[in-house]
Amino acid sequence: MGACVAARYFVSPRGGRRAYPDIASALAAAAGRGRAAVVEVAPGLYEEALTVRGDVQLVALGDPGSVVVSRPGGAVLDAFGSVRVHGLVLIGRDADVVGCHAGTLTLEHADIRAHNGVSVHARPNTFVTLRDSLVLHGRALFDGSHGLVERCRFTDATDNAVAAIKGADVSVQDSWIGGSAIHGVRVSGARARVTGCRLTDTGRAAVVADSQAELDVADCVIDVVHAEAVMFVERSRGSVAGTRVTGAQHGVAVASGADPLVRDCVLSECHDTGINVQTSGRGRFENCEIHAAKNVAVLSTKGGAPEVRGCRIVGGNVGIAVVDAARGRFAQVGITGLTSVALRVHDESGATFEHVRVERCPVGLETQGNAGTTVDVTDATFVDFEISAVGAVGRSRATLRDVAVERGPVGFSVDEEAQLFLQDCRVKAVSAGGVAAFGKARLVAKNLTVTGSEAFGLYGTNAAWVDVVDSEFADCAFTGALFDGKCGGRLESCSVSGSQGVAVQHNGLVSLVSLRTSLPVTKRVAQPAGGPTTVINNYSGPQFNAAVYGAQLAWNNINAIQQQTSEDGAEE
């Protein structure tokens, strides 16, 4: 038996031989025969409501836009069965313009215009395809259905342009979505893939996943968004890959337990943040670039906890900020040319940084907050900074391992009641000093090297506590180590070398143990009563095995003049 040939019906408002005067009458005739049908529609305006049942093709004849079906109110086309619509303009108001109630519906080269309603409504357990079509004002709503959108244009939706809800599964490909009053694509308790699309000028997030949705965005361009370009909330999952965002309020936002994977994206000129993770949001961000974020390139706040790897931040204000009881892990990150702080950790937050390079930023790392504010940095480089490479204040705690600092005023500083731990760190070519401790801060350093400071290598003052061992201070123009005020602690198994300045200027409260130097050591306060005995072993330079008080030394000189100054300032 041969294949069943579809019956053909011709519709023309001008009449003609074997022509139906309206579409509804042709559809009724086709339904009466109970076989596949092709209904060809001549150009014209048809003011009617269409109900299409069975295996039916509706095809517009003539130029695009020449066949218009419209109603002043109510639905225009309801489909039941296997329905294909090609080339029609469908215009409705205050209702679903097109509804698929059962089976499948394909709209190709169609123009659907909804005023105060839904353009296309795919009801539960149906499959709707939109291809090469224009959707104006209304939205395509996939409600517990399947959908495929290809090469379509959605313009000026009064709501969301595309919505997938209640278990729907939708793919949106190579389409343009612009001017939506709310979202470009919303996925709520459903699954969607958005690929190769351009989204622009949306009132809220261009693409959003909520209510445990699954959303995958790939190779899209998103710009001029008044809120987030892509947003995951309410424990949603999914991915964003190969996508470029320009001019959004936030590039990618994650909140309320959502956990996406974002990779190979470029986020440029965001008005607030490039990446924004908060309220228990998670997320992995890999190999992304963030350019010229107006506020913060990467923000983790209010319980957020992202993982960022292989990202590059260029220009903008703040690089990475972890604040307000947030967390974050950051690795293989490069930050260049900011106007403020590269890395900021505040207010009971915790962050881990590994393999980080920061260039041309006023401040490298800034920590501030209570004792719950913690930072770990491993294998980092800070170069060409304007204020300090690392500064810890409040009661925060920062632990740095294998960190290199070069070219700027102060390498590492710790103030108030903060704690700074340095292991295998290096400071080079600073104009003010290598490491400084103020207030009641605590500084602990091992294998620290300071080279080429134009002032001091190590400075402790106020009531700070310093514990520095196995460290080296070389070519510091003024002094290797300077202690004043009530600063206490120890300097053990350290060396001070160079051709100018003094090795240590101290206040008598810091123990000098096994100090190796060829430079003089001077006091800054009078010797306390009953001070300890000082033992000096002079080899290539002196080694101090206890705190030094009132010593005036010179060595390796042909002529040496020693002067002692009394308390009233007169030379003796």
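Quick caveat: nothing in here was measured; it's all calculated off a predicted structure.
- In this structure the side chain of T195 never reaches within 4.5 angstrom of the side chain of V172, judged on heavy atoms.
- Few gaps surround CZ on R131; more than 12 heavy atoms of other groups in view lie less than 6.0 Å from it.
- A salt bridge is absent between E307 and R329; no separation between the charged side-chain nitrogens and carboxylate oxygens falls under 4.0 Å.
- Atom CD of Q212 sits about 7.5 Å away from atom CZ of R235, to the nearest 0.5 Å.
- Across all non-hydrogen atoms, the minimal contact from Y46 to A42 is OH-O, 2.8 Å.
- Put simply, the side chain of T243 never gets that close to the backbone of V240: no donor and acceptor are under 3.5 Å apart.
- The side-chain contact (heavy atoms from CB on, under 4.5 Å) test with L58 singles out one residue from V83, V41, L90, V69, and that residue is V41.
- Pairing each heavy atom of N287 with each of C311, the nearest pair is N-SG, 4.0 Å.
- Looking at V230 and I222, their side chains come closer than 4.5 Å, going by heavy atoms from C-beta outward.
- Counting only heavy atoms from C-beta outward, the side chains of F232 and L215 approach each other to under 4.5 Å.
- Contact of the R8 side chain with the E40 side chain is registered, since non-hydrogen atoms from C-beta on lie closer than 4.5 Å.
- Looking at R123 and D96, a side-chain N of the basic residue comes within less than 4.0 Å of a carboxylate O on the acidic one, giving a salt bridge.
- The backbone N or O of A163 lies less than 3.5 Å from no partner atom in the side chain of N160, so there is not a single donor-acceptor pair.
- At a threshold of 4.0 Å, the pair R71-E47 does not count as salt-bridged, since none of the basic side-chain nitrogens sits closer than that to a carboxylate oxygen.
- Side chain of T202 to main chain of R204: a donor-acceptor pair is present (N/O by atom type, distance under 3.5 Å, no hydrogens or angles).
- In summary, of the residues considered (V89, L136, L130), a side-chain contact (heavy atoms from CB on, under 4.5 Å) with I112 occurs for L130 alone.
- Between H250 and T273, the side chains place a donor N or O and an acceptor N or O closer than 3.5 Å (distance only, hydrogens not considered).
- Each side-chain hydrogen bond (donor to acceptor under 3.5 Å, both in side chains) pair with one or both residues in residues 220-230, not counting sequence neighbours, appears once here: R198-D223, T200-D223, D201-H226.
- Enclosure of atom CD in E150 by more than 12 non-hydrogen atoms of other residues, nucleotides or ligands within 6.0 angstrom is indicated.
- You'll find the side chain of L267 reaches within 4.5 Å of the side chain of V252, heavy atoms only.
- Between F142 atom CZ and L148 atom CG the span is 8.5 Å, to the nearest 0.5 Å.
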Cut-off 3.5 Å, no hydrogens considered: what does the side-chain donor-acceptor table look like for residues 371-384, sequence neighbours left out?
{"residue": "T373", "atom": "OG1", "partner": "E348", "partner atom": "N", "Å": "2.7"}
{"residue": "T373", "atom": "OG1", "partner": "N370", "partner atom": "N", "Å": "3.4"}
{"residue": "T373", "atom": "OG1", "partner": "N370", "partner atom": "O", "Å": "3.2"}
{"residue": "D376", "atom": "OD1", "partner": "R401", "partner atom": "NH1", "Å": "3.4"}
{"residue": "D379", "atom": "OD2", "partner": "H355", "partner atom": "ND1", "Å": "2.6"}
{"residue": "D384", "atom": "OD1", "partner": "R407", "partner atom": "NE", "Å": "2.6"}
{"residue": "D384", "atom": "OD1", "partner": "R407", "partner atom": "NH2", "Å": "3.4"}
{"residue": "D384", "atom": "OD2", "partner": "R407", "partner atom": "NH2", "Å": "3.2"}

Begin from the C-alpha positions of V363 and S340 and carry the test side chain to side chain contact (heavy atoms under 4.5 Å, CB included) through to its verdict. CA-CA 6 Å; V363 177; S340 187; over 6 Å; no
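- Listed for the S300 side chain is a donor-acceptor partner under 3.5 Å among the backbone atoms of R327.
- With a 6.0 Å radius and a threshold of 12 heavy atoms from other residues, nucleotides or ligands, R395 has its CZ atom at or below the threshold.
- Taking a 6.0 Å sphere around NZ of K294, one finds it holds more than 12 heavy atoms contributed by other residues, nucleotides or ligands.
- When side chains are defined from C-beta on, I320 counts as touching I335, because their heavy atoms get closer than 4.5 Å.
- A distance-only check finds no donor-acceptor pair linking the side chain of R53 to the backbone of T51 [under 3.5 Å].
- In this structure, L27 and I23 have side chains that are in contact, with non-hydrogen atoms separated by less than 4.5 Å.
- For the 3.5 Å distance criterion, the side chains of D216 and S239 qualify, holding a donor opposite an acceptor.
- D63 and S66 share no donor-acceptor pair across their side chains, judged by distance under 3.5 Å alone.
- Between H146 and F127, the ring planes lie parallel to each other; the angle is under 30°, not in the 30° to 60° tilted range.
- In this structure, the side chain of E234 does not engage the main chain of D210 through any donor-acceptor pair within 3.5 Å.
- H115 and D94 share no side-chain donor-acceptor pair at under 3.5 Å.
- Residue Q249 holds its CD atom at 10.0 Å from CG of N276, rounded to the nearest 0.5 Å.
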Check the pair V390, L400 against side chain to side chain contact (heavy atoms under 4.5 Å, CB included), reporting the backbone distance first and the verdict last. CA-CA 10 Å; V390 176; L400 281 59; 3.7 Å; yes
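- Inter-residue side-chain proximity for P306 and F285 is flagged as met; some heavy-atom pair is nearer than 4.5 Å.
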Between V98 and L107, does the side chain to side chain contact (heavy atoms under 4.5 Å, CB included) criterion hold? Intermediate values first, please. CA-CA 10 Å; V98 176; L107 295 149; 4.2 Å; yes
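- Side chain of S175 to main chain of C152: a donor-acceptor pair is present (N/O by atom type, distance under 3.5 Å, no hydrogens or angles).
- Counting only distance, with no hydrogens or angles, the side chain of S70 and the backbone of I91 share no donor-acceptor pair below 3.5 Å.
- The CD atom of E359 sits 11.0 Å away from the CG atom of L338 when rounded to the nearest 0.5 Å.
- Pairing each heavy atom of A114 with each of H137, the nearest pair is O-CB, 2.9 Å.
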Going through the distances and angles, do V52 and L77 end up as a side chain to side chain contact (heavy atoms under 4.5 Å, CB included)? CA-CA 7 Å; V52 187; L77 188 150; 4.3 Å; yes
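- Here the closest non-hydrogen pair linking A29 and Y20 is CB-OH, 3.4 Å.
- Closest non-hydrogen pair, G281 versus V254, comes out as CA-CG1, 4.0 Å.
- In summary, the side chains of T339 and N317 do present a donor paired with an acceptor at a separation below 3.5 Å, with no hydrogens or angles considered.
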If you apply the rule side chain to side chain donor-acceptor pair (under 3.5 Å), what do you find for H346 with D324, and how did you get there? CA-CA 7 Å; H346 282 191; D324 200 2; over 6 Å; no
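- Of all non-hydrogen atoms in P43 and V67, the two that sit nearest each other are CA-CG2, 3.8 Å.
- Salt bridge R193/D169: present, at least one basic N to carboxylate O contact under 4.0 Å.
- The backbone N or O of A110 sits less than 3.5 Å from a side-chain atom of S133, completing a donor-acceptor pair.
- Between E286 and R309 no salt bridge is recorded (no basic side-chain N to carboxylate O distance below 4.0 Å).
- A salt bridge links E108 with R84; the closest basic N to acidic carboxylate O contact falls under 4.0 Å.
- Distance alone, capped at 3.5 Å, places no donor-acceptor pair between the R244 side chain and the G242 backbone.
- Summarising the geometry, atom OG1 belonging to T336 is positioned 5.5 Å from atom CZ belonging to R360; distances are rounded to the nearest 0.5 Å.
- Salt bridge present: R151 and D132 bring a charged side-chain N and a carboxylate O closer than 4.0 Å.
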